[in-house]
Amino acid sequence: MAVPELRHLIDIKDLSLDEIDTLLALGDDIIARPADYQDAAKRKKLATLFYEPSTRTRLSFEAAMLELGGSVLGFSSQDSSSATKGESVADTIRTVQCYADIIALRHPKEGAPVVAARHAAVPVINAGDGGHNHPTQTLTDLMTIRRELGTLEGLTIGLCGDLKFGRTVHSLIAAMVRYPGTRFVLVSPRELRAPDYVLEEIRRGGCACEESHTMEAVVPVLDVLYMTRVQRERFFNEAVYVRLKDSFILDVPKLAHAKKDMIVMHPLPRVNEMSVRVDENPHARYFVQALYGKYIRMALILKLLGRWGA
Ligand code: NCD
């Protein structure tokens, strides 16, 4: 029997819509029947190599592996790895694959997970590369939208905040352009518009897209409002960050004319762009979104360990 191909997840486009569907269905099944999965990754090890800070992504990966009966090892900052001594990502990967069956990597440099995958004999998952991509957050987002709204088709999605450096935005757009009837409303300061390659992806996908500089005007047409933080760490100039950071702040009054079923999502962390008062609002879904992140990562780990064959 042929050995199933080694698969990585570097970009959300590495997955076909059918494969995304399979992952979402598996995530739903894990939520429904958790006991059936408690030994599914027994004796397997996940390495989390995080060269950049993280709370949800790293901990949800680790919780996912533990709930599958596996174990975790890794580092949560560049300073506690040999990267500070000058080791390359390639050499780190060649080493870590001797100790782990699957690797989740977060790195400040765009493209680092591609390099890692090239040198890996075990699956590599991109857990965020610089201001580029974040495919597992997108799987989390898709699961949230599908579970909370019942569909991924025909939706109007507003993305608000730092659309330039927000990697979760880039990956979510790359996924949603493939679902029929998606319409985008992009809300950002001019300096933080989505990069041209992302806008081009929307055009190629044939999706309707409108850019706006006010939230109030667009909220009533949205099915999803996806808020993001201004990515301070990606600015070259602190003064520009300070000028732009409070451009858009979501508060409860701005939701007054939202559709009844509209959901507010946020990959988190939140800084100042969303009032804590929104947390109690019936539109808010960002904490359940964080919970779904664990289940979809359980599904992803299982599929990649089985090389999609199991
Ligand atoms: C995001 C990230 O790291 O890109 N967080 C996350 O993974 N949930 C969003 C952010 O940092 O603003």
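Owing to the predicted nature of the structure, the values given are computational and were not obtained by experimental measurement. Hydrogens, waters and symmetry mates are skipped; everything else that's a heavy atom, side chains included, is used. Just follow the structure's listing: the first ligand is 1, and inside any ligand the first atom is 1.
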Checking salt bridge (charged side-chain N to carboxylate O under 4.0 Å, His left out) against Glu52, which of Arg58, Lys109, Arg234 comes through? Arg234
Angle between ring planes, His266 versus Tyr286, binned at 30° and 60°: parallel, tilted or perpendicular? perpendicular
Does ligand 1 have a heavy atom under 4.0 Å from the side chain of Gln137, from its backbone, from both, or from neither? side chain
Which one holds for Leu268 and ligand 1: side chain close, backbone close, both close, or neither close, with close meaning a heavy atom under 4.0 Å? backbone
On the six-membered ring of Phe61, is Arg297 placed so that its NZ or CZ lies under 6.0 angstrom from the centre and within 45° of the ring axis? yes
Measuring from the heavy atoms of Glu52, does anything fall under 4.0 Å of ligand 1? no
Taking the non-hydrogen atoms of Pro269, is any one of them nearer than 4.0 angstrom to ligand 1? yes
For atom 3 (O) of ligand 1, the closest protein heavy atom turns out to be Arg167 NH2, 2.9 Å
Which residue supplies the protein heavy atom nearest to atom 8 (N) of ligand 1, what is that atom called, and how far is it? Pro267 O, 2.9 Å
Look at Glu273 together with Lys245 and state whether they make a salt bridge at an N to O cut-off of under 4.0 Å. no
Heteroatom proximity flag, Thr168 to ligand 1, N/O under 3.5 Å: no
Is any side-chain heavy atom of Met176 closer than 4.5 Å to one of Leu172? yes
For His134, the atoms of ligand 1 under 4.0 Å from one of its heavy atoms are 2 (C), 4 (O), 6 (C), 7 (O)
Could you tell me whether the side chains of Asp79 and Thr84 share a donor-acceptor contact shorter than 3.5 Å? no
Ignoring hydrogens and angles, tell me if any N or O in the side chain of Asn126 forms a donor-acceptor pair with the backbone of Pro113 under 3.5 Å. no
Nearest option to atom 12 (O) of ligand 1, as decided by whichever heavy atom of Arg232, Arg58, Arg229 sits closest: Arg229
